**Q** 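Sending over a structure as structure tokens; questions will come in a sec.
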2 protein chains.
Amino acid sequence: MVRKTGSHADITGPRIRAAAQSLFARHGFAAVSMRQIAAAVGVQAGALYFYTPDKQSLLFDLMHDHMQTLISAWDAADPGPELPPLVRLQAFVRFHIHHSLERADAVFLSYMELRNLTPDNFARIEALRRTYEDRLESILRAGLEGGTMHIPDAKLATLALIAMLTGITTWFRPDGRLSCDRVADIYWEMARKTVAGSLGADFGGSDSVA
Amino acid sequence: MVRKTGSHADITGPRIRAAAQSLFARHGFAAVSMRQIAAAVGVQAGALYFYTPDKQSLLFDLMHDHMQTLISAWDAADPGPELPPLVRLQAFVRFHIHHSLERADAVFLSYMELRNLTPDNFARIEALRRTYEDRLESILRAGLEGGTMHIPDAKLATLALIAMLTGITTWFRPDGRLSCDRVADIYWEMARKTVAGSLGADFGGSDSVA
DNA sequence: CCTTGAACTGAACACCCGTTCAGTTAATCA
DNA sequence: TGATTAACTGAACGGGTGTTCAGTTCAAGG
């Protein structure tokens, strides 16, 4: 009696969130009005407040869900700490690229609209972002300690790799020159070399630059 | 008689642009009102229109100036095409990091507010961005042809490197753990390895991952 | 068939938006 | 000193903002 299966509400809520995500990603949180979101769903603006307390919560929920999904999806995809760090790193690179490209709008939102969150909400999203970064950083530290990786700074390498991988979402087009799989192959090769042993002597003179 | 030296206008224009840049970077173009910009300058909103035709032009001018400054500053810093590609790449990495960190607001604007440009203005900024990317890409292609670099895809390596370098602006703090110079050193080492020869056999088994 | 109540409308609330413009101010020049 | 004019004010313009809420609708439950 409290809940009817197949009710309209079960589908309208997700539809609002989908419309908001798409519009926020395309035009930015501040540039999209509740009336525009409502129109995209085919409803009056007032009806949105049956599903969300306010506009800010709509943004926060989208970002929060994305970060939680990201983290738990990686924890499910992680081949495990007993495997060699380079194996785990390869899994991470492939996972991050595929997961991000399949959720371009959510990824865009989650690092473009941080400044539109209230301080409290910002802190919660930041914590999740750091949690995800720590997953990668611990892989790099394991590789460092095991001697299979050579990185000048684990924290900076983490940030550099994530920036490099996430940047793909800003230019990748499914109908472009390269498929998602091919892009993942190429980026894995670059990432592998970034953390590889520092056998830089194979091109003489590069260090003797003024 | 047309221009008075030391007039108020000579300083108010730049002050408006500085305030707009700071506010746009912190809160986003759409979230900042002309009245807020005016208040930051200590003037009424209407006075802004003595210096800019509209809000959109204010944004475009900031982004356009930043891109032009970036490109011409690199062209001045480029050690020249007669030098080894790895030398030029090192110069590029150091230049990009230092230039970006000294202009955090402008960098932030120029890749966060692209979607708030009118289609015409967007196309003009995009062209400048591509011009800058081409500077790096041609270095990588030269290294590829000369055999001193080994990259799976010059275009993707360009995008990966720029994303990696520009990402620094999102976390770098002048009073943080590492100085700008130290960060540049670390990133150069990572960038160098990314484009280095593919002597990946120094850690056996990494390629035999399922 | 009638009641219930979830889903939704449409109008209203107070306020903010970018932009314009008739005036005011104050400094310069002849 | 008086005319000129660039710089700026302050009010107004039409319209959009997030949010609320008294009503309407309509399918399901008893």
Side-chain angles (χ1 to χ4, degrees), chain A residues 1-21 23-24 26-63 109 113 115-121, chain B residues 1-21 23-24 26-63 109 113 115-121:
Chain A
M1 52 185 66
V2 212
R3 180 142 300 279
K4 288 170 273 188
T5 53
S7 126
H8 193 181
D10 294 339
I11 200 65
T12 302
R15 286 221 300 150
I16 289 172
R17 292 163 40 95
Q21 182 166 89
L23 287 167
F24 287 165
R26 230 189 306 283
H27 308 292
F29 174 75
V32 173
S33 72
M34 295 299 268
R35 281 172 243 270
Q36 288 175 56
I37 297 168
V41 178
V43 111
Q44 289 298 113
L48 301 184
Y49 291 84
F50 198 85
Y51 300 93
T52 185
D54 48 36
K55 196 188 177 191
Q56 167 75 204
S57 300
L58 200 47
L59 175 64
F60 173 73
D61 287 348
L62 288 170
M63 294 176 70
L109 262 194
E113 302 297 350
R115 60 188 170 185
N116 286 116
L117 292 171
T118 61
D120 279 9
N121 286 342
Chain B
M1 54 182 66
V2 213
R3 181 144 299 279
K4 288 167 273 186
T5 52
S7 125
H8 194 180
D10 293 338
I11 200 66
T12 302
R15 287 221 301 152
I16 289 171
R17 290 163 41 95
Q21 182 166 89
L23 287 167
F24 288 165
R26 229 189 307 283
H27 308 293
F29 174 75
V32 173
S33 71
M34 294 300 268
R35 283 167 178 84
Q36 288 175 56
I37 297 169
V41 179
V43 114
Q44 289 298 113
L48 302 183
Y49 292 85
F50 197 85
Y51 301 93
T52 184
D54 49 37
K55 195 187 177 190
Q56 167 75 204
S57 300
L58 199 46
L59 175 64
F60 173 75
D61 287 347
L62 288 170
M63 295 176 68
L109 262 193
E113 301 298 350
R115 61 188 169 184
N116 286 115
L117 292 171
T118 61
D120 278 8
N121 287 343

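All chains are named by letter (A, B, ...) in the order of the sequence lines, taking the proteins before the strands, and each is independently numbered beginning at 1. When reading the values below, keep in mind they use all heavy atoms of this one structure, side chains included, and skip hydrogens, waters and symmetry mates. Being a predicted model, the structure only gives us computed values, none of them experimental.
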**Q** What is the separation between atom CG on A:L48 and atom P on C:dC8, rounded to the nearest whole Å?
**A** 10 Å
**Q** I'd like to check B:N116 versus B:Q56 (side-chain heavy atoms, cut-off strictly below 4.5 Å). Are they in contact?
**A**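 No - every pair of side-chain heavy atoms lies 4.5 Å or more apart.
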**Q** What residues form a side-chain contact (heavy atoms from CB on, under 4.5 Å) with B:A18, not counting sequence neighbours?
**A**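 Partners of B:A18 under the side-chain contact (heavy atoms from CB on, under 4.5 Å) test: none.
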**Q** Can A:R15 and A:Y51 be said to form a side-chain contact (heavy atoms from CB on, under 4.5 Å), step by step?
**A** CA-CA 11 Å; A:R15 286 221 300 150; A:Y51 300 93; over 6 Å; no
**Q** Any chance you could lay out the salt bridge (charged side-chain N to carboxylate O under 4.0 Å, His left out) test for A:E113 and B:R115, step after step, and finish with the verdict?
**A** CA-CA 13 Å; A:E113 302 297 350; B:R115 61 188 169 184; 2.6 Å; yes
**Q** Taking only side-chain nitrogens and oxygens of A:Q36, does any of them come within less than 4.0 Å of OP1 or OP2 of D:dT17?
**A** yes
**Q** Rounded to whole angstroms, how far apart are CZ on B:R15 and P on D:dA7?
**A** 14 Å
**Q** C:dG23 P sits how many Å from B:Q44 CD, rounded?
**A**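 In whole Å, C:dG23 P and B:Q44 CD are 18 Å from each other.
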**Q** Tell me the interatomic distance from A:I16, atom CD1, to C:dA7, atom P, rounded to whole angstroms.
**A** 11 Å
**Q** Please tabulate, one pair per line, each protein N/O and nucleotide N/O from nucleotides 18-21 of chain C that are separated by under 3.5 Å, including the distance.
**A**
unit_1, atom_1, unit_2, atom_2, d
C:dG18, OP1, B:V32, O, 3.4
C:dG18, OP1, B:M34, N, 3.4
C:dG18, OP1, B:K55, NZ, 3.0
C:dG18, OP2, B:M34, N, 2.8
C:dG18, N7, B:R35, NH1, 2.8
C:dG18, O6, B:R35, NH2, 3.0
C:dT19, OP2, B:Y49, OH, 2.7
C:dT19, OP2, B:K55, N, 2.9
C:dT19, O5', B:Y49, OH, 3.3
C:dT19, O4, B:R35, NH2, 3.4

**Q** B:V43 side chain: which of D:dT17, C:dC8, D:dT9 is closest?
**A** D:dT9
**Q** Can you list the steps and then say if B:I16 with B:V43 is a side-chain contact (heavy atoms from CB on, under 4.5 Å)?
**A** CA-CA 10 Å; B:I16 289 171; B:V43 114; 5.7 Å; no
**Q** Counting C-beta onward and ignoring hydrogens, is there a side-chain heavy-atom pair between B:L58 and B:F29 closer than 4.5 Å?
**A** no
